[in-house]
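Here the structure comes first, spelled out in structure tokens, and everything after it is commentary.
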Amino acid sequence: MHIPFRHGLLATLLLPALAIAWGPTGHRIVGELAQRQLSPQAAAAVAGLLRDEPDPSLAGVANWADGLRQTDPELGKRTSRWHFVDVAPGSCDYVPTRDCPGDNCVIAAIDNELGVLGDKSQPRAARLQALKFVVHFIGDVHQPLHSSNRPDRGANDYQISYRGHGTNLHAVWDSLILNGQAPTPGDYAARLAMTPVAASDTQVDAGAAQRWAHESCVAIDGAQLYPSGHTIDDAYLDAHRPLAEQRLRLAGARLAAELNSVLASPRPH
């Protein structure tokens with residue numbers, strides 16, 4: 001049954017969304033899906049790192065990185081570009097020196113934070129922070145508009161009208177496309193988990209984050225994320241929701257695969 005979009009949720013969508021992907025619901029779904037797929041060893045390591053958190057689960061820390069703008073503005077500002085990557089207009093080819101100078105993009109952030117997480121000589125606090133970043137950034141890189149080849153700030157500047165209300169295309173993909181589909185993120189994750197991800201799609205290697213970003217970029221044009229005009233309706237949401245859900249499933253499975261690997265042994269290079 002379709003649940004009408006609530007005006008209160010629209011207010012959330014109207015907020016700047018440059019460093020937000022999937023919104024709180026989507027990130028919690030990714031965490032829930034990954035938690036279900038952890039190996040016993042990885043689950044124990046995650047539990048040890050998160051033991052002092054208010055919600056000691058991957059879902060519970062999945063939105064931590066977006067909250068830094070309020071809780072730790074300096075760290076939030078310093079890591080703001082770690083949530084996305086912009087490549088050259090009209091292309092999905094990633095050139096690190098051009099697209100990620102100083103390692104300030106989501107691809108390098110995932111690789112670097114996985115390295116910290118897997119280094120048992122690092123202080124527990126550093127590994128905990130790395131885990132929180134990894135959970136969030138692997139979610140981010142699977143939101144197609146966080147790997148953009150258009151000069152519109154990941155579609156934040158592409159204005160959209162939905163049911164007579166204004167928002168932007170990035171916000172549509174962050175939250176609107178997922179809203180009202182399940183009572184809770186856990187329920188949504190349980191439904192998505194019924195369609196497992198193929199093992200071939202969860203390969204762990206040094207180029208994984210770059211591949212995920214490339215997939216997201218290709219989807220922008222391949223799946224025609226940009227509507228022909230600046231107005232969308234429920235038909236647009238219904239037509240594109242399967243892609244959003246596929247990206248969430250992949251993010252959850254790949255996050256679990258990375259944690260299972262890096263918490264069992266050092267990350268391969």
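As the structure is a prediction and not an experimental result, all values here were calculated from the model.
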Could you walk me through whether Ile29 and Thr25 pass side chain to side chain contact (heavy atoms under 4.5 Å, CB included), step by step?
CA-CA 6 Å; Ile29 289 170; Thr25 293; 3.8 Å; yes
Output all residues satisfying side-chain contact (heavy atoms from CB on, under 4.5 Å) with Asp99, sequence neighbours left out; order by chain, then residue number.
Val85, Val87, Tyr94, Val95
Glu53 side chain to Asp55 main-chain N or O, any donor-acceptor pair under 3.5 Å?
no
Quick one, Leu178 and Leu248 - any side-chain contact, counting heavy atoms below 4.5 Å?
yes
Checking Asn104 side chain against Arg81 main chain: does a donor-acceptor pair fall under 3.5 Å?
no
What heavy-atom pair brings Gly23 and Asn63 nearest, and what distance separates the two atoms?
O-OD1, 3.7 Å
With distance as the sole test, does Asp187 use its side chain to make a donor-acceptor pair with the main-chain N or O of Ala182 at under 3.5 Å?
no
Hey, does Glu215 have a side-chain heavy atom less than 4.5 Å from the side chain of Arg247?
yes
Give me each pair satisfying salt bridge (charged side-chain N to carboxylate O under 4.0 Å, His left out) with a member in residues 115-126, each pair once, sequence neighbours excluded.
Asp52-Arg124
Any side-chain heavy atom of Asp140 within less than 4.5 Å of one from His27?
yes
With sequence neighbours excluded, tell me which residues meet side-chain contact (heavy atoms from CB on, under 4.5 Å) with Ala198.
Ser200, Asp201
I need the minimum non-hydrogen distance between His170 and Asn156, along with the two atoms involved.
ND1-ND2, 3.4 Å
Here's a test for you: under side chain to side chain contact (heavy atoms under 4.5 Å, CB included), which of Arg28, Lys132, Glu32, Gln35 qualifies with Leu58?
Gln35
Considering only heavy atoms from C-beta outward, does the side chain of Ile232 approach that of Leu237 to under 4.5 Å?
yes
Counting C-beta onward and ignoring hydrogens, is there a side-chain heavy-atom pair between Asn260 and Leu38 closer than 4.5 Å?
yes
Gln70: which residues meet the side-chain contact (heavy atoms from CB on, under 4.5 Å) condition with it, sequence neighbours left out?
none
So, taking the atom named CD in Gln122 and the one named CD in Gln129, what distance separates them when rounded to the nearest 0.5 Å?
10.5 Å
Between Asp66 and His83, is there a side-chain heavy-atom distance shorter than 4.5 Å?
yes
Out of curiosity, does Leu243 fall in the hydrophobic cluster containing Ile177 (side-chain heavy atoms, cut-off under 4.5 Å, transitive links)?
yes
Could you give all pairs that pass the ring-ring contact (aromatic ring centres under 6.0 Å, His included) test and reach residues 106-128, with sequence neighbours left out?
none
From Glu74 CD over to Leu68 CG, what is the distance, rounded to the nearest 0.5 angstrom?
10.0 Å
Holding to ring-ring contact (aromatic ring centres under 6.0 Å, His included), I want the full list of residues that pass it with Tyr236, two or more places apart in sequence or in another chain.
His240
Heavy atoms from other residues, nucleotides or ligands near CZ of Arg249 exceed 12 (cutoff 6.0 Å)
yes
Between atom CD of Gln159 and atom CG of Asp152, what is the distance when rounded to the nearest 0.5 Å?
10.0 Å
Closest non-hydrogen atom pair between Ala256 and Gln37, with its separation
CB-CB, 3.6 Å
What pairs of donor and acceptor atoms, side-chain ones from residues 189-196 against any protein atom, are under 3.5 angstrom apart with sequence neighbours left out?
none

Do Ile160 and Pro227 have side chains that approach each other closer than 4.5 Å (heavy atoms only, starting at C-beta)?
yes
Distance col, row Asp238:CG vs Asp233:CG, nearest 0.5 angstrom, shows 8.5 Å
Can you tell me how far apart CD1 (Ile107) and CH2 (Trp82) are? Round to the nearest 0.5 Å.
14.5 Å
So, for Leu263 and Ala45, which heavy atoms are closest and what is the spacing to 0.1 Å?
CD1-CB, 3.9 Å
Indicate, with yes or no, if Val218 and Ile138 share a hydrophobic cluster defined by side-chain heavy-atom contacts under 4.5 Å among Ile, Leu, Val, Met, Phe, Trp and Tyr.
no
Taking all non-hydrogen atoms of both residues, which atom of Ala251 and which atom of Gly139 are closest, and how far apart?
CB-CA, 4.4 Å
Find the distance between OG (Ser91) and CG (Asn149) and round it off to the nearest 0.5 Å.
7.0 Å
Tell me which pairs pass ring-ring contact (aromatic ring centres under 6.0 Å, His included) where either residue lies in residues 187-232, with sequence neighbours left out.
His142-Trp212, Tyr158-Tyr226, Tyr158-His230
Does any non-hydrogen side-chain atom of Leu259 lie less than 4.5 Å from one of Leu117?
yes
Got a salt bridge between Asp221 and Arg150, using NZ or NE/NH1/NH2 to carboxylate O under 4.0 Å?
yes
Which residue pairs satisfy the salt bridge (charged side-chain N to carboxylate O under 4.0 Å, His left out) criterion with at least one member in residues 35-46, sequence neighbours excluded?
none
Ser216 side-chain N/O to Val141 backbone N/O, donor-acceptor pair under 3.5 Å
yes
By the ring-ring contact (aromatic ring centres under 6.0 Å, His included) test, which pairs, at least two apart or in different chains, include something from residues 31-80?
Trp64-Phe133
To which residues is Leu250 joined in a hydrophobic cluster, defined by side-chain heavy-atom contacts under 4.5 Å among Ile, Leu, Val, Met, Phe, Trp and Tyr, whether direct or through other members?
Val197
Verify the neighbour count for atom CD of Gln224: are there more than 12 heavy atoms of other residues, nucleotides or ligands below 6.0 Å?
no
For Ile220 and Ser148, the nearest pair of non-hydrogen atoms, with its separation, is CD1-CA, 3.9 Å
Gln203: which residues meet the side-chain contact (heavy atoms from CB on, under 4.5 Å) condition with it, sequence neighbours left out?
Asp205, Arg211
